[in-house]
Every structure is written in structure tokens, then in C-alpha cells.
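Here the structure is laid out as C-alpha cells; the discussion comes afterwards.
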There are 2 protein chains.
Amino acid sequence: MTAPCEATEVTGVPVAKDVRELDDIDERIVAALRREGRMPNNALADKVGIAASTCLTRLRSLIDRGVIAGFHAEVDPAWLGRPIQAMIAVRLRSDARGAITEFSDRLAGMPEVLNVYFLAGADDFHVHVAARDPEDLRSFVVDHLSSAPEVALTETNLIFEHKRGRLAE
Amino acid sequence: MTAPCEATEVTGVPVAKDVRELDDIDERIVAALRREGRMPNNALADKVGIAASTCLTRLRSLIDRGVIAGFHAEVDPAWLGRPIQAMIAVRLRSDARGAITEFSDRLAGMPEVLNVYFLAGADDFHVHVAARDPEDLRSFVVDHLSSAPEVALTETNLIFEHKRGRLAE
DNA sequence: AGTGAAAGAACCTAACC
DNA sequence: GGTTAGGTTCTTTCACT
């Protein structure tokens, strides 16, 4: 699986690859599947104007190359018994920055966690969580964050509403 | 489409509905499709231990009820020519809070925007964006946020890495 | 790379517990 | 609500361009 926009050696000098790794048809396939991930291959082929067999080859190539990392049903966490969402800013102790990857991996594996954003600013992470109730949220913050030796401080913001944007997965 | 956890009138007093709107089989269907959204109905039926036709009925019911809001291919924005991600905290002027919904709708419709989080804290929004390059990010912040009459201040944090958690869509 | 046709798999409407 | 049975549609391979 190739990473996008990696450096390519041509003349001994690293050169940024052309941003457009995807041709027009690949882009249209990706766009269609980001909107309607369960669209049948047939319909997809019609939409982008190629034969079904070609479309299938291209789809597999997109998956093999890691362009499409997976397909997911979109479910409101409230339906899963987690109606309370929050964004928690986390700042680590400066002497714990070496363990930053392990820490974020541990976070991402917790059942409350939707997203972990690893940041360049004053805060080290923003952690997007969904909790069963206020007490569940409190215990997540206190037991898994505040009391961890790596954590210097946390700041919890309730989320009233979450809108997916145009680019959203 | 019914919202989860809405109030139900039984005796004239609003009572919170049981959190478990979904039975065991529905939960297993949802869990399977959150991991593998393109899994064929047949395989899904096998996995949860019911007949394919029953499974299809349940899947449609889950979609009708709004439990499953859609299916999406997961694509790294870098492959779409947007390798730079940022989380932008936005605070509105207090006299612009009436237009808060229109404002977040406008944001969510912009091509750079992945997610808009509408918050309860000091910041009104966190806006998750992906930009083509640093200049693109700058112009998004300056042209669409800082210069908007509703906006009091913004704070942009680059995102080094974004990990999906266990609960992620 | 793209195509078309044919075999196999999945879907989906029923009739029936 | 659940299933088995069937015609219909989709997927997938392969020989060819």
C-alpha cells in the first residue's frame, strides 16, 4: 500500500509526486462511493461510463493501493446507547511526549472513542468521545485521562451537534 | 425517521425511552456494517444467524428508522489532493449567536470541510478541514472565517495524525 | 487498460409458517 | 417476526481487442 504524495527519487533530489495520482475515472469512482458506499458495481460502472468488469478492476486497484481504506455504515452513536458526545482537549506532560504514540493508540482502542486528533498546537490531542450518560463521560475523563501519569491537563467540551462536511468520509 | 432516546408520554409525565431500541440481532447487523459496510446481505445474514430475506428486511428497517444514516467509502483526503488537515476553533460574536445554525450549515457545505462540531464551551465550533497546501488553509481561515462578520476569533491547529477510534463511523 | 458474454452468486418478491 | 423457494439482477472470470 503506497502512501499518497510520497517523495520520488528521479535525479537524486527528492521531488514531490504529482498530487493527481488518480485519473478522472478513479476520482469519479471514489466520489460516488464516498456518497453511496453500498452502490452496486453495476450502477457504479454506469455512473462513470465504463463496463462493469473494468469498474470492478479499478475498484479493486483503488482498495489495493489504499486509496479506499474501507466501507462503513454511518450510525448516530445515540442509537448505540451513547447520546452524549464531547471533545476533550488533552495536554501531556513534557516528559511523557516520548510515549505519545502508545498513548494515542490506547485512546483509539477505547470503546467510547470516535476520533483522536493528534495536534501541532498547545494541546497534544483532541479526543472525540460518545458516552452513555454524564457519569460515563466523567469516569472516562477521570479514570482514563486525568489520572494517567502522562496527562498534564484536560479540558472537556460537550458537543451539541456534529455535522459531516462535504469532504467527510 | 424517529430520533433515538426521544421522550415518550405515558402518564402525562415525559419519560426517557429505554436506551435499547435495538435488539441483539439489529445490534449485530449494525456492528458488522460499521466494520464492513459493503458486506453482502448474504454474508451478513450468515454472520448474525438469520435467513437472508429476514436480514434484508431488518437492514431496510434500520435504514428507514434512521439508525443507519448511510454508507461511505473511507478515503484519506491526501489522496484527494488535500494533504494538510487542521482543527479550527471558532468563536462567534455574541450578537451573531442567533445565526449560528445558518453559519454552521454554510461551513459544512464548503469543499474543505470534513466535520463541524458545535460546542457547549467557550468556543462555538471546532471545524475540521483538509486543505491543498498551506496557502489554501490560510485563505480558508482568512476568507471564510476571520473576515466573516459573525466571527469574533479563530485558532488554527494543524493535525499531525487522525486516528479513528473503536466507535468511529 | 477496456470490453462482452456466460457462469455463478446475491438479491428480493413472494407464499407460507 | 421468521423461513424456504423462485425469478431477477449483480458479480466475476475469461477470451479478445
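A, B, ... follow the sequence lines: proteins, then strands. Residue 1 opens every chain. Heavy-atom basis, side chains included; hydrogens, waters and symmetry copies ignored.
- Within the model, atoms CD1 of B:I68 and CG of B:L62 stand 5.0 Å from one another, a figure rounded to the nearest 0.5 Å.
- Side chains of B:V151 and B:S146 form no contact here, defined as non-hydrogen atoms less than 4.5 Å apart.
- Atoms CZ and CG, on A:F118 and B:N157 in that order, are 12.5 Å from each other to the nearest 0.5 Å.
- Between A:R82 and A:D133 there is no salt bridge, since no side-chain nitrogen of the basic residue lies less than 4.0 Å from a carboxylate oxygen of the acidic one.
- At a threshold of 4.5 Å between non-hydrogen side-chain atoms, the residues B:R166 and A:V113 do not count as touching.
- Taking for each of B:R60 and A:R58 the nucleotide of DNA chain C with the nearest heavy atom, the 5'-most of the two is the partner of A:R58.
- Using a 4.0 Å heavy-atom cutoff across all strands shown, A:A51 reaches sugar-phosphate atoms only and no base atom.
- A 4.0 Å heavy-atom criterion places the boundary nucleotides of DNA chain C facing chain A at C:dA1 to C:dG4, written 5' to 3'.
- Residue pairs that meet the ring pair (Phe, Tyr, Trp, His ring centres under 6.0 Å) test with at least one member in residues 82-114 of chain A, sequence neighbours left out, are A:F103-A:F125.
- The span of DNA chain D lying next to chain A, judged by atoms under 4.0 Å from heavy atoms, is bounded 5' to 3' by D:dC10 to D:dT13.
- Using a cut-off of 4.0 Å between Lys/Arg side-chain N and Asp/Glu carboxylate O, A:D105 and B:K163 are scored as salt-bridged.
- Looking at every heavy atom in both residues, B:A130 comes nearest to B:Q85 through CB-CG, 4.0 Å.
- Using five terminal pairs a side, the axes of the helix from C:dA1-D:dT17 to C:dC17-D:dG1 at its two ends make an angle of 30°, given in steps of 10 degrees.
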Problem - CA sep, side-chain torsions, deciding dist, call: B:R132, B:E112, salt bridge (charged side-chain N to carboxylate O under 4.0 Å, His left out) - result: CA-CA 9 Å; B:R132 299 198 174 279; B:E112 296 89 349; over 6 Å; no
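- Ion pairing between a basic and an acidic side chain is recognised when a charged N comes within 4.0 Å of a carboxylate O; A:R91 and A:E150 show no such pairing.
- For B:R97, the CZ atom sits in a packed shell: over 12 heavy atoms of surrounding residues, nucleotides or ligands are nearer than 6.0 Å.
- Note on residues 50-61 of chain B: pairs passing side chain to side chain donor-acceptor pair (under 3.5 Å), not counting sequence neighbours, are B:D23-B:R58, B:D26-B:R58, B:S61-B:R65.
- The two residues B:H72 and A:R34 make their nearest non-hydrogen contact at ND1-O, 2.6 Å.
- A heavy atom closer than 4.0 Å to some atom of DNA chain D occurs in A:P40, A:N41, A:N42, these being the qualifying members of residues 34-42 of chain A.
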